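Remarks on the structure that follows.
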Amino acid sequence: MLNIVILAAGMGKRMQSDLPKVLHPIAGKSMLAHVLDSARELEPEKVVVVVGHGAERIQQTFAQAELAFALQQPQYGTGHAVQQAVPDLVGGDNADDATLVLYGDVPLVQADTLRRLLEARGQGVAVLTENLSDPTGYGRIIRGADGTVQRIVEHKDASDAERAVQEVNTGILVAPTAQLKDWLTRITNDNAQGEYYLTDIIALAVSDGVSVQAAQPAAGWETLGVNSRVQQAQLERMWQSEQARRLLEKGVTLADPARFDLRGTLECGRDVFIDVGCVFEGKVVLQDGVRVGPHSVLRDVSVGAGTQIEAFSHLQQAQVGEEARIGPYARLRPGAVLANHTHVGNFVEIKNTQLGEGSKANHLSYIGDADIGQRVNIGAGTITCNYDGVNKYRTVIGDDAFIGSDTQLVAPVTVGRGATIGAGTTLVRNAPDEQLTLSRSEQRSVPAWKRPVRKS
């Protein structure tokens, strides 16, 4: 039976923010949410989040997450923090029951690393360690002659010989639940900080004859914490670089991996090309051969095979079929569903609209709340007037219709199959099939008219 305790009580003064530190984002998701995602992959029986500064806001943010919250107020160190979670811990009746301690401001530790840590402990204790060329500020791992961990010494309390040790404590550890509860009652604050260190349980475990093992992360960025905006920005780029690397290994072409941002999940088929400066949010699916032009933003979008998205296009909660062409400077809003071989061009906005196969709107148009058939041509400057200030209405356009430039379609209105709407028309009644419909005042010329001149 596994408990996971996540320490998230710190104020984060160096962040210079009213937002609790663990709610600051990495790749579009709060640091605490990242930790919770990794924790849930281990399928724990109980997850306890220890909160302090900004406790109410953190609890509100994760109110639907089936978590237990423990309050640490005031805050006297990591050992004291875990003590607050003890009443919520489950199990402990046998040696297989364990409690894993994570940190809300160490967001990128991966589930596979945590699995290795759990395996390393056997039925004892295991700590996650790392070897650093410059270990200044970190607690040092002191090993015995047999190679097992004997104790952890904080930097401020370490001797010169101990400070020469390059293996450091990351803070993440796992221990038998029953014995952890006992050790937490025995630690003291007799140290330079006057705090109760969770790491002091290591020496207690050794004195009780409990084996203490160690494991290390697959990548150094997994155990990096965030205490300032600078560290947040650095970790953001590290994580984006890692996500870019994973995509490259799957065969995706990135024009420049250093200019790529993924803030969700991105699923790509074969031979996908992504140009510089693109941002992907939520869940995005790009099928085979999709090309995404520079500085485009896609959020919760699926794109069919062979489609090209040109530069500076924004797509949100939209579906695009195969062999379509979007942009440049196009905007697809929620509910836009584009069939195969459609074209949506520069400065065209589409919302809550079905665009049929082979249909196109290439220039300067707004199409909202519409059902558009196949092979329809929508001229430049066309607007569906779908909103009367209170209610929204739909526009229906039949197959093979031609909508002339600068047309206003005042919904609810239907354009028949094969109909032609003359340029400059304001359509307020249904247009019949296979006919030309237009509304224009008669053109005339005034021969004696003269332009006004500027008065001296």
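Because only heavy atoms are used, hydrogens play no part in the values below, and waters and symmetry mates are left out as well, while side chains stay in. All values reported here derive from a predicted model rather than from experimental measurement.
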Original post:
Quick check: does any side chain N or O of Asn340 sit under 3.5 Å from a backbone N or O of Glu322, one acting as donor and the other as acceptor?
Top reply: yes
Subject >> From CG (Leu427) to OG1 (Thr382), nearest 0.5 Å >> reply: 11.0 Å
**OP:** For the pair Ser365 (side chain) and Gly379 (backbone), establish whether a donor and an acceptor sit closer than 3.5 Å, ignoring hydrogens and angles.
**Re:** yes
Subject >> Heavy-atom pair with the smallest gap, counting every atom of Leu298 and Val303 >> reply: CD2-CG2, 4.3 Å
Original post:
To the nearest 0.5 Å, how far apart are CE in Met31 and CG in Asp105?
Top reply: 6.0 Å
Subject >> Donor-acceptor pair between Glu236 and Gln240 side chains, under 3.5 angstrom >> reply: yes
**OP:** Assess the side chains of Thr136 and Asp134: does a donor N or O sit below 3.5 Å from an acceptor N or O?
**Re:** yes
Original post:
In terms of heavy-atom contacts, does NZ of Lys360 have more than 12 from other residues, nucleotides or ligands at under 6.0 Å?
Top reply: no
Original post:
Going by atom types only, do Glu222 and Thr113 share a side-chain donor-acceptor pair under 3.5 Å?
Top reply: yes
**OP:** Taking atom OH of Tyr138 as the centre, report whether more than 12 heavy atoms of other residues, nucleotides or ligands fall under 6.0 Å from it.
**Re:** no
Original post:
Taking everything shown except Asn391 itself, do over 12 heavy atoms lie less than 6.0 Å from its CG?
Top reply: yes
Original post:
How long is the gap from CD on Gln110 to CG on Leu114, to the nearest 0.5 Å?
Top reply: 8.5 Å
Subject >> Donor-acceptor pair, side chain of Arg229 and main chain of Met15, under 3.5 angstrom >> reply: yes
Original post:
What pair of heavy atoms forms the shortest contact from Leu224 to Pro107, and how long is it?
Top reply: O-CD, 3.8 Å
Original post:
Does any N or O in the side chain of Gln75 come within less than 3.5 Å of the main-chain N or O of Ala9, such that one atom is a donor and the other an acceptor?
Top reply: yes
Original post:
More than 12 non-hydrogen atoms from neighbouring residues, nucleotides or ligands closer than 6.0 Å to CD on Glu66, yes or no?
Top reply: no
**OP:** Applying salt bridge (charged side-chain N to carboxylate O under 4.0 Å, His left out), run through Glu119 and Arg115 and close with a yes or a no.
**Re:** CA-CA 6 Å; Glu119 291 169 1; Arg115 291 188 185 98; over 6 Å; no
Original post:
Rounded to the nearest 0.5 Å, what separation is found between the CG atom of Leu338 and the NE2 atom of His343?
Top reply: 10.5 Å
Original post:
So, does Lys29 use its side chain to make a donor-acceptor pair with the main chain of Gly264 at under 3.5 Å?
Top reply: no
Original post:
Around Glu434, counting heavy atoms of other residues, nucleotides and ligands shown, do more than 12 lie under 6.0 Å from its CD?
Top reply: yes
Original post:
Has Gln73 got more than 12 heavy atoms of other residues, nucleotides or ligands less than 6.0 Å from its CD?
Top reply: yes
Subject >> Where Thr353 and Arg394 come nearest, the two heavy atoms and their spacing >> reply: CA-NH2, 4.4 Å
Subject >> Chi angles and distances behind the salt bridge (charged side-chain N to carboxylate O under 4.0 Å, His left out) call for Arg270, Asp288 >> reply: CA-CA 5 Å; Arg270 296 176 66 85; Asp288 295 351; 6.0 Å; no
Original post:
What are the two closest heavy atoms between Gly269 and Val272, and how far apart are they?
Top reply: O-CG2, 3.6 Å
Original post:
Got a second to check how far Ser38's OG is from Ile6's CD1, nearest 0.5 Å?
Top reply: 9.0 Å
Subject >> Residues Glu130 and Thr223: side-chain donor-acceptor under 3.5 angstrom >> reply: yes
**OP:** Using a cut-off of 6.0 Å, state whether more than 12 heavy atoms not belonging to Arg291 lie near its atom CZ.
**Re:** no
**OP:** Grab the two heavy atoms, one from Glu310 and one from Ser296, that are nearest each other, plus how far apart they are.
**Re:** O-OG, 3.2 Å
Original post:
Hey, is the main chain of Trp239 close enough, under 3.5 Å, to the side chain of Ser241 for a donor-acceptor pair?
Top reply: no
Subject >> Thr199-Glu154 side chain donor-acceptor pair, cut-off 3.5 Å >> reply: yes
Original post:
Are any side-chain N or O atoms of His34 and backbone N or O atoms of Ile26, one a donor and one an acceptor, separated by less than 3.5 Å?
Top reply: yes
**OP:** Establish, from distance only, whether the side-chain atoms of Ser17 and His24 form a donor-acceptor pair under 3.5 Å.
**Re:** yes
Original post:
Which heavy-atom pair separates Ser313 from Gly327 by the least distance, and what is that distance?
Top reply: OG-CA, 3.4 Å
Subject >> Pairwise distance CG(Leu248) to CZ(Arg245) - rounded to 0.5 angstrom >> reply: 9.0 Å
**OP:** Answer yes or no: is there a donor N or O on one side and an acceptor on the other, between the side chain of Thr170 and the main chain of Leu128, under 3.5 Å?
**Re:** yes
Subject >> Pair His80, Gln72: side-chain N/O donor-acceptor within cut-off below 3.5 Å >> reply: yes
Original post:
Without hydrogens or angle criteria, can the side chains of Asn227 and Lys13 be said to hold a donor-acceptor pair below 3.5 Å?
Top reply: no
**OP:** Given salt bridge (charged side-chain N to carboxylate O under 4.0 Å, His left out), test Arg237 with Asp261 step by step and report yes or no.
**Re:** CA-CA 9 Å; Arg237 293 328 308 164; Asp261 283 270; 3.0 Å; yes
Subject >> Side chains of Thr177 and Thr99, donor plus acceptor under 3.5 Å >> reply: yes
Original post:
Counting distance only, does the side-chain N/O of Thr426 pair as donor-acceptor with the main-chain N or O of Thr407 below 3.5 Å?
Top reply: no
Original post:
How are the rings of Tyr329 and Phe312 set relative to one another: parallel (under 30°), tilted (30 to 60°) or perpendicular (over 60°)?
Top reply: parallel
Original post:
Just by distance, do the side chain of Ser359 and the backbone of Val376 share a donor-acceptor pair under 3.5 Å?
Top reply: yes
**OP:** Can you establish whether the number of heavy atoms outside Glu45 located under 6.0 Å from its atom CD is more than 12?
**Re:** no
